[in-house]
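Reviewing the structure listed below.
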Amino acid sequence: MDLKQLNAFISIAELRSFSAAATKTGLSQPTLSRLLKQLETDMGVELVDRYHRPLDLTEAGAFFYDKISAILTEIDTVTSMTQRLSAPSSILNIGFVPSVLYGLLPEIIARLKQSSPDIEVNLKDISSYQQMDALKSGDIDIGFGRFAHQDPWVQQILLRHERYVVALPKAHALAHVREQRLIDLANNRLILYHQTRLPMATPNAHTKTLHTNKESATNDTPITEPLLHLFAQYGISPFMTTTVSDLQIALGLVAAGEGITLVPASLQTVRTEQISYQRLVHENVTSPIYLHTLKDFVHPSIPDLLTAIYHVYEQRGITYRHQKFT
Ligand code: BEZ
């Protein structure tokens, strides 16, 4: 069994076609077919059902695909990390979720460039979840996101908790109420925009649902949509929800009077002509900011970046947890 055979099997399994796999790998169909046959002969197991159209995996083939694709991804990760260890790039590639760009990210980068004038930075807009793969493939060296991820290759530092504020259309009856309670917002249409779900939200046994809608809580269904989860912690299920694909669209709908939403406080400078942002009384209604990087390869500029972050926090009087990389 060798890597060529395994990669041929993976392409055939993923594309369910010899011709599509040939186009993807640049190998001829007879070569792919020979590599697959050799692999099956070596293992003494039929992996692909060739008589089925489109091609299908046998039960053993599906099991093998599941396990071996994870191992091949690990081989790619280790190869890319080894290359980076031997010759670290002078460019620091930073992945970020859009909500941190509205906040302190520009100021932090400016501070980093001031303290390390030779540094070259490349910023990439990439979701929290995709940052894990981008770290492993070497597309980014560091990622800033708002969700915790458990990944054996990745270490994370919780930088701080940022409070949510409520975004209401200027004409809304509550638009001028300074301190808001979630219960008073429950009769509005809540606009949801998160692409990532909470990994292990647990149901709160004491939660009592006040209103019902499609995504409402039951005692044994964990609510993994982040905003609904915040409401559910207070026993509230918003009257109606609308789900959109990102934060900007959610704020666009609020500006158009279509509903309300909750956003991290750093967003409260967006569309202020149409939107009123107000504080929430609940201190624990917050959105965390995490820094993610690989466990075994920390880009040489990352400690300077962390110093720049803490410098900005101190200048602004922001409470944070001082942490170091392991
Ligand atoms: C922050 O707002 O705390 C933050 C934003 C971007 C990167 C790091 C921290």
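Order of appearance sets the numbers: ligands from 1, and atoms from 1 within every ligand.
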If we number the atoms of ligand 1 from 1 as shown, the ones under 4.0 Å from a heavy atom of Leu105 are 5 (C), 6 (C), 7 (C)
Decide, yes or no, whether a salt bridge links Lys37 with Glu46 under the criterion of side-chain N to carboxylate O below 4.0 Å.
no
May I ask you to identify, for Leu291, whether its side chain, its backbone, both or neither come under 4.0 Å of ligand 1 on a heavy-atom basis?
neither
Test your reading of the model: is there a side-chain donor-acceptor pair from Arg271 to the backbone of Gln268, 3.5 Å cut-off?
no
Closest non-hydrogen atom pair between Lys136 and Arg84, with its separation
O-NH2, 3.2 Å
Counting from 1, what ligand 1 atoms have a heavy atom of Leu159 closer than 4.0 Å?
8 (C), 9 (C)
Electrostatic pair Arg146-Glu162, nearest N-O below 4.0 angstrom
yes
Taking heavy atoms and a distance under 4.0 Å, where does Phe96 meet ligand 1: side chain, backbone, both or neither?
neither
Do Asp246 and Tyr193 come within less than 4.5 Å of each other through their side chains, counting heavy atoms only?
no
Contact partition for Ile289 relative to ligand 1, non-hydrogen atoms under 4.0 Å:
side chain
Among all residues two or more places apart in sequence or in another chain, which pass the side-chain contact (heavy atoms from CB on, under 4.5 Å) test with Lys24?
Ser11, Glu14, Leu15
Could you list which atoms of ligand 1 come closer than 4.0 Å to a heavy atom of Leu104?
1 (C), 2 (O), 3 (O)
Parallel, tilted or perpendicular for Phe297 and His299, by the 30°/60° rule?
perpendicular
Which residue and atom name correspond to the protein heavy atom nearest atom 3 (O) of ligand 1, and how close is it?
Tyr313 OH, 2.4 Å
Of the protein's non-hydrogen atoms, which lies at the shortest distance from atom 2 (O) of ligand 1, and what is that distance?
Arg160 NH2, 2.8 Å
So among Val263, Leu168, Val254, which one has a side chain to side chain contact (heavy atoms under 4.5 Å, CB included) with Tyr277?
Val263
Measure Ile108 to ligand 1 on non-hydrogen atoms and call it side chain, backbone, both or neither using the 4.0 Å cut-off.
side chain
Please identify which atoms of ligand 1 are closer than 4.0 Å to at least one heavy atom of Val100.
5 (C), 6 (C)
Give the single entry among Tyr102, Phe144, Tyr320 that approaches atom 7 (C) of ligand 1 most closely by any heavy atom.
Phe144
